[in-house]
Asks: 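After the structure tokens below, expect a handful of questions from me.
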Amino acid sequence: MMSRFDHYFQMNVDDVIEYTLEKATEIDWDRDSMEAVVPDSHGNLNYVYRIWDGKGHSLYIKQAGTETRISKDMKPSKDRNRLESEIIMLEDKFAPGMVPHIYFFDTVMCACGMEDCSDFMVMRDAMLRHEIFPRFADDISTFMVETLLLSSDLVMDHKEKKELIRKFISPDLCDITEKLVLMEPYNDLNQRNNVFAPNADFIEQELYNDPALHLEVAKLKFKFMTDAQALMHGDLHTGSIFIRQDATKVFDSEFGTYAPMGYDVGNVVANLIFAYDNGLAAGATAFCDWILETIEKTMDLFIEKFSKRFDEAVTEPMAKVAGFKEWYMEGILNDTAGYAGTELHRRTVGMANVVDVTSIADEQKRLLAERINIFAGKDYIMHQSSFRTGADFAAAVTKAKEAAEKTL
Ligand code: SR1
Ligand code: MG
């Protein structure tokens, strides 16, 4: 049967109800009471709609546009919607219940139907209100350990893993990360950095004119491009996390690919620091204390759970050799520090800034926030092997704050 959804076009809020009826057949929709809206929160790339009916059914439709929302010049393959859907479905196997349910995905319209999580908050929005979530460290460490360890050669059959590498090769999305995260913050080569003008000289000195830093970032870039360690999420910031007091769900996995595990862990650490920056500017002391505790706890729980799950689940005989686990985990911690550093830098000076920092209205407070990110990021990148415990990761933030204050 012919359908107007047999050829790609970018849908609007008027199209998505008919589309939902045609594709989300798993749900017994009450068609006469169906409505659709564009939710308030959205990411940099895609279009999202929430659809519901009067009988309690609802879902999100997410569609990839030809251009990204953040820049009409960027046109990553619309296949990113398939990548995201298939990765979420796999993540659901590795860490059940920690991602939204995917009802369907459609490689013609480059859209998927996803569980309505409007009873959650987007974590970045909650961080901007300085809300505290005591179970976040436990949840996110579980998600990272399960998805990263179980998709790696430590556990997965090597041929199956290589099939997944092939399936999730993602040249366009990797290209964005390789440029926006792992190059441009250090040279503005494509002249699209967003630099806060009062901080321009400081950034030039600390990021653009530091050859020792550039060498370490170059190594991190090549590691990202060549080390197919695990199926990582690839964009694990607080805008990719739905949160409530009793649950956490990770979404937006379109940047997922086989790459170093520490890329995800480092992203979580860095994005907690952006929340800290915002709390500091607002004088939200209890919130800032909770953020520092959460960085410490997330890292300690990650280390503890990874070590335990390694012993339970590892299948590769050579990974059971004495000393291997310790060597492997040191590598993850080095990468965590390194990629926490690059995320701190790129969100401060790169094309895709974070509202946690850009919404700080007071110039001196914003400068302080930005300089904390620059100093903490450099510490993480330049001393990767010094970060071995949660306390080490958290202490870098207070150390960077002290150093930043001295510059102002
Ligand atoms: C062009 S996309 C810019 C950024 O938004 C996404 O969420 C990723 O973090 C990407 O780097
Ligand atoms: Mg995103």
Side-chain angles (χ1 to χ4, degrees), residues 38-48 60-85 87-88 91 99-100 102 110-112 114 117 120-125 127 170-186 188-194 217 220-221 224-225 232-243 249-257 259 263-274 339-358 373 377:
V38 176
D40 292 339
S41 267
H42 62 77
N44 290 328
L45 278 85
N46 305 298
Y47 298 88
V48 179
Y60 290 131
I61 295 289
K62 180 168 184 179
Q63 186 181 30
T66 305
E67 301 157 340
T68 64
R69 294 178 71 118
I70 192 173
S71 163
K72 302 271 174 256
D73 297 333
M74 299 176 99
K75 302 177 197 310
S77 163
K78 296 195 293 299
D79 187 47
R80 62 185 188 268
N81 187 269
R82 171 196 66 87
L83 278 168
E84 168 168 10
S85 306
I87 291 173
I88 289 185
E91 287 169 341
V99 289
I102 299 290
C110 305
C112 63
M114 190 188 290
C117 293
F120 285 73
M121 288 163 271
V122 173
M123 186 172 174
R124 194 178 302 285
D125 298 340
M127 295 297 94
S170 178
D172 287 1
L173 282 287
C174 285
D175 185 60
I176 292 177
T177 302
E178 288 155 19
K179 292 189 172 116
L180 256 55
V181 184
L182 300 167
M183 185 177 74
E184 292 174 16
Y186 306 96
D188 200 13
L189 217 56
N190 291 324
Q191 305 223 307
R192 52 185 180 177
N193 282 353
N194 281 324
V217 174
L220 287 164
K221 180 172 185 179
F224 180 86
M225 293 191 292
M232 46 113 235
H233 176 282
D235 202 20
L236 196 46
H237 58 83
T238 50
S240 299
I241 298 170
F242 288 127
I243 198 156
K249 281 185 195 275
V250 171
F251 65 107
D252 234 0
S253 311
E254 66 201 316
F255 283 82
T257 193
Y263 192 82
D264 277 356
V265 192
N267 263 256
V268 170
V269 170
N271 280 273
L272 287 168
I273 297 174
F274 303 138
Y339 294 118
T342 53
E343 176 73 1
L344 280 161
H345 291 161
R346 74 89 166 219
R347 295 290 191 185
T348 306
V349 306
M351 181 196 202
N353 309 113
V354 278
V355 66
D356 318 46
V357 174
T358 58
N373 300 343

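Just follow the structure's listing: the first ligand is 1, and inside any ligand the first atom is 1. Values reported hereafter were calculated over all heavy atoms of this structure, with side chains retained and with hydrogens, waters and symmetry mates removed. Because the structure is a prediction, the values reported are computed rather than measured.
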Asks: Are there any protein N/O/S atoms under 2.8 Å from the Mg ion (ligand 2), and if so, which?
Replies: Asp252 OD2

Asks: Could you check whether any side-chain N or O of Asp172 sits under 3.5 Å from a backbone N or O of Ser77, counting only pairs where one atom can act as donor and the other as acceptor?
Replies: yes

Asks: Output all residues satisfying side-chain hydrogen bond (donor to acceptor under 3.5 Å, both in side chains) with Arg80, sequence neighbours left out; order by chain, then residue number.
Replies: Asn46

Asks: I need the Asp188 CG to Met183 CE distance, nearest 0.5 Å.
Replies: 10.0 Å

Asks: Please report the shortest heavy-atom distance between Lys78 and Gly65, naming the atom on each side.
Replies: CG-O, 3.7 Å

Asks: Applying ring pair (Phe, Tyr, Trp, His ring centres under 6.0 Å), can you list everything that pairs with Tyr263, at least two apart in sequence or on another chain?
Replies: Phe224, Tyr339

Asks: Closer than 3.5 angstrom, by distance alone: can the side chain of Asn44 be matched with the main-chain N or O of Arg69 as a donor-acceptor pair?
Replies: no

Asks: Please evaluate residues Arg347 and Asp235 with respect to the criterion salt bridge (charged side-chain N to carboxylate O under 4.0 Å, His left out), reporting the C-alpha separation (whole Å), side-chain torsions for both, the decisive distance (0.1 Å), and the verdict.
Replies: CA-CA 12 Å; Arg347 295 290 191 185; Asp235 202 20; 3.6 Å; yes

Asks: Tell me whether the rings of Phe242 and Phe120 are parallel (<30°), tilted (30 to 60°) or perpendicular (>60°).
Replies: tilted

Asks: Pairs under 3.5 angstrom, nitrogen or oxygen on both sides, ligand 1 versus protein: list them out, please.
Replies:
{"from": "ligand 1", "atom 1": "5 (O)", "to": "Asn44", "atom 2": "ND2", "distance (Å)": "2.8"}
{"from": "ligand 1", "atom 1": "7 (O)", "to": "Asp235", "atom 2": "OD2", "distance (Å)": "2.6"}
{"from": "ligand 1", "atom 1": "9 (O)", "to": "Asp235", "atom 2": "OD1", "distance (Å)": "2.7"}
{"from": "ligand 1", "atom 1": "9 (O)", "to": "Asp235", "atom 2": "OD2", "distance (Å)": "3.3"}
{"from": "ligand 1", "atom 1": "9 (O)", "to": "Arg346", "atom 2": "NH2", "distance (Å)": "2.9"}
{"from": "ligand 1", "atom 1": "9 (O)", "to": "Arg347", "atom 2": "NH2", "distance (Å)": "3.0"}
{"from": "ligand 1", "atom 1": "11 (O)", "to": "Arg346", "atom 2": "NH1", "distance (Å)": "2.9"}
{"from": "ligand 1", "atom 1": "11 (O)", "to": "Arg346", "atom 2": "NH2", "distance (Å)": "3.4"}

Asks: Any non-hydrogen side-chain atom of Ile70 less than 4.5 Å from a side-chain atom of Ile176?
Replies: no

